[in-house]
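All figures in this text were calculated on a predicted structure; none of them were measured in a lab. Positions are given from 1, in the same order as the sequence printed here.
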Amino acid sequence: QNQITCLFKNPSKRSGISLLVAIGTILVSAAASEVANAAPPIERGTFTVNQIDREQWREVRFKQTFSKVPVVILGPASFQGGDPLTYLVKDVTKEGFKYQLREWEYLSNGNHAKETFSYLAVEPGQHNVGGQLWEAGLRDFPNPNRKVVTTQSAFTSPPIVLAQPVAETSVVPRLKDVTATGFRLSLQTEQALPHTAATPAKCGWIAISQGIVAASGLRSNAANTGKIVKHQWKEIALSHPRGAQPSLFATVQTYAGPDPVSVRYRNFTNQKVDLRLQEEASGDPEMGHVTEEIGYLILGDVQPRDILTSG
């Protein structure tokens, strides 16, 4: 395996689309004979941007051309701006994608303060990352009703599942009944809109076996918080270093509370990260939410002191 660390150049603008600054890591197979057990082509990056309005879409160009259109996940945003957010991508190709931090439709103009968050791109299919099982896919949503997704990987216990809407209006993914063989997935619009108001969309997902590995220049920590996170900040202790240039991804794994909700974070260090659930308030001003499980993935570059581990 060869590791390439990429630096995206300074932002510029063309046709109303902003190009981003991001640092990413690509894992590339060294030989065709290794493909069956090799880490998949992975690209990740972290950037800090604001959102001017709902018309603004930023563009990311991959530093490699994927052989298949990848599944793209946006990580949760930091908490510099307090208005509730959704995270959307569109126009995903082998060369790149567009995205925005989209405030819910009931909020006035879509303007939002600068936030820090990450993206992850992985080719669809089943992969082995240093003994950690990854499976990525894309599900059509002609309507937002809950769909059953069956995984093909040999998970021996429930994986964590990351989910990302591919859409142009505010929706959030909601998971339910995550098991070793699959999960149920739906998309939620804001409460003030009828359930049928959602436009056709897609939702990308990545299922990852829980555990910590360091392989191919990448440290991967996939875990479930347990049912302890709600609308108030909750400190999550990290049992292992997060690696260099860390990226955080997180999705709610349960459906204990039915109101639409997004994940936000703050105070991301080697020892901990604070997480909370943020509801929108289009239907009523109450924004409390019951405890849910959050599945999270932390990716970082392996540092010299790291020992290759699995499990």
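Looking at Tyr106 and Glu280, their side chains come closer than 4.5 Å, going by heavy atoms from C-beta outward. Counting heavy atoms from C-beta on, the side chains of Leu120 and Ile206 come closer than 4.5 Å. Using a 4.5 Å heavy-atom threshold, the side chains of Val122 and Pro70 count as separate. Counting heavy atoms from C-beta outward, Val149 and Arg184 have side chains that stay 4.5 Å or more apart.
Judged purely by atom type and a 3.5 angstrom limit, Ser282 uses its side chain to pair as donor or acceptor with the backbone of Ala192. Remark: the backbone N or O of Ile212 is not paired with any side-chain donor or acceptor of Asn221 at under 3.5 angstrom. Looking only at distances, no side-chain donor or acceptor of His289 sits under 3.5 Å from a matching main-chain atom of Leu277. For Gln245 (side chain) and Ser247 (main-chain N/O), no donor-acceptor pair under 3.5 Å exists by modelled atom type. Gln51 contributes a side-chain N or O that, together with a main-chain N or O of Asp53, makes up a donor-acceptor pair within less than 3.5 Å. Thr151 places no side-chain N or O within donor-acceptor distance of the main-chain N or O of Ser153, the cut-off being under 3.5 Å. Between the side chain of Glu135 and the backbone N or O of Gln152 there is at least one donor-acceptor pair closer than 3.5 Å. A donor-acceptor pair is defined here as one N or O able to donate and one able to accept, closer than 3.5 Å; no such pair exists between the side chain of Glu123 and the backbone of Val71. Between the Arg276 side chain and the His231 main chain, a donor and an acceptor come within less than 3.5 Å of each other. Panel note: side chain Glu43, backbone Ala121; no donor-acceptor pair is recorded below 3.5 Å.
For residues 160-184, the pairs satisfying ring pair (Phe, Tyr, Trp, His ring centres under 6.0 Å) are Phe183-Trp205, with sequence neighbours left out.
Salt bridge Asp274/Lys272: present, at least one basic N to carboxylate O contact under 4.0 Å.
Two rings, from Tyr119 and Phe47, have their centers less than 6.0 Å apart. Aromatic pair Tyr99/Phe117: ring centres closer than 6.0 Å.
Partners of Arg146 by side chain to side chain donor-acceptor pair (under 3.5 Å), not counting sequence neighbours: none found. Partners of Glu105 under the salt bridge (charged side-chain N to carboxylate O under 4.0 Å, His left out) rule, at least two apart in sequence or in another chain, are Arg54, Arg102.
Residues Val229 and Val252 fall within the same hydrophobic cluster, defined by Ile, Leu, Val, Met, Phe, Trp and Tyr side chains chained together at heavy-atom separations under 4.5 Å. One hydrophobic cluster, built from ILVMFWY side chains closer than 4.5 Å, cannot hold both Leu185 and Tyr296; they sit in different ones. Leu299 and Leu248 are assigned to two separate hydrophobic clusters, defined by single-linkage of ILVMFWY side chains at heavy-atom distances under 4.5 Å. When hydrophobic clusters are built by joining Ile, Leu, Val, Met, Phe, Trp and Tyr residues whose side-chain heavy atoms come closer than 4.5 Å, directly or via intermediates, Trp104 is not grouped with Leu74.
In the hydrophobic clustering, where aliphatic and aromatic side chains (Ile, Leu, Val, Met, Phe, Trp, Tyr) are joined below 4.5 Å either directly or transitively, Phe155 groups with Leu133.
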Tell me which donor-acceptor pairs under 3.5 Å the side chains of residues 76-84 have, and how far apart each pair is, sequence neighbours excluded?
{"from": "Ser78", "atom 1": "OG", "to": "Glu115", "atom 2": "OE1", "distance (Å)": "2.6"}
{"from": "Ser78", "atom 1": "OG", "to": "Thr116", "atom 2": "N", "distance (Å)": "2.9"}

Per-pair distances, 0.1 Å, donor-acceptor, side chain in residues 253-261, under 3.5 Å, sequence neighbours excluded:
{"from": "Gln253", "atom 1": "OE1", "to": "Val161", "atom 2": "N", "distance (Å)": "3.0"}
{"from": "Gln253", "atom 1": "NE2", "to": "Val161", "atom 2": "O", "distance (Å)": "2.8"}
{"from": "Gln253", "atom 1": "NE2", "to": "Thr251", "atom 2": "O", "distance (Å)": "2.8"}
{"from": "Thr254", "atom 1": "OG1", "to": "Glu292", "atom 2": "OE1", "distance (Å)": "2.5"}
{"from": "Thr254", "atom 1": "OG1", "to": "Glu293", "atom 2": "N", "distance (Å)": "3.0"}
{"from": "Tyr255", "atom 1": "OH", "to": "Gln188", "atom 2": "NE2", "distance (Å)": "3.4"}

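Of the N and O atoms on the side chains of Asn143 and Asn145, at least one donor lies less than 3.5 Å from an acceptor on the other residue. In summary, the side chains of Glu235 and Trp233 do not present any donor paired with an acceptor at a separation below 3.5 Å, with no hydrogens or angles considered. Gln278 and Ser262 form no side-chain donor-acceptor contact under 3.5 Å, judged by distance and modelled atom types alone.
Under the side chain to side chain contact (heavy atoms under 4.5 Å, CB included) test applied with Phe97, the options Val60, Val166, Val69 reduce to a single match, Val60. Results of the side chain to side chain contact (heavy atoms under 4.5 Å, CB included) test with Ile294 over Ile228, Leu275, Ile160 single out Leu275 as the only residue that passes.
Taking CG of Leu101 as the start and CD of Glu103 as the end, the distance is 9.0 Å to the nearest 0.5 Å. How far CG of Leu193 is from CD of Gln191: 10.5 Å, rounded to the nearest 0.5 Å.
Within 6.0 Å of NZ in Lys68 there are 12 or fewer heavy atoms belonging to other residues, nucleotides or ligands. More than 12 heavy atoms of other residues, nucleotides or ligands shown are found within 6.0 angstrom of NZ on Lys147.
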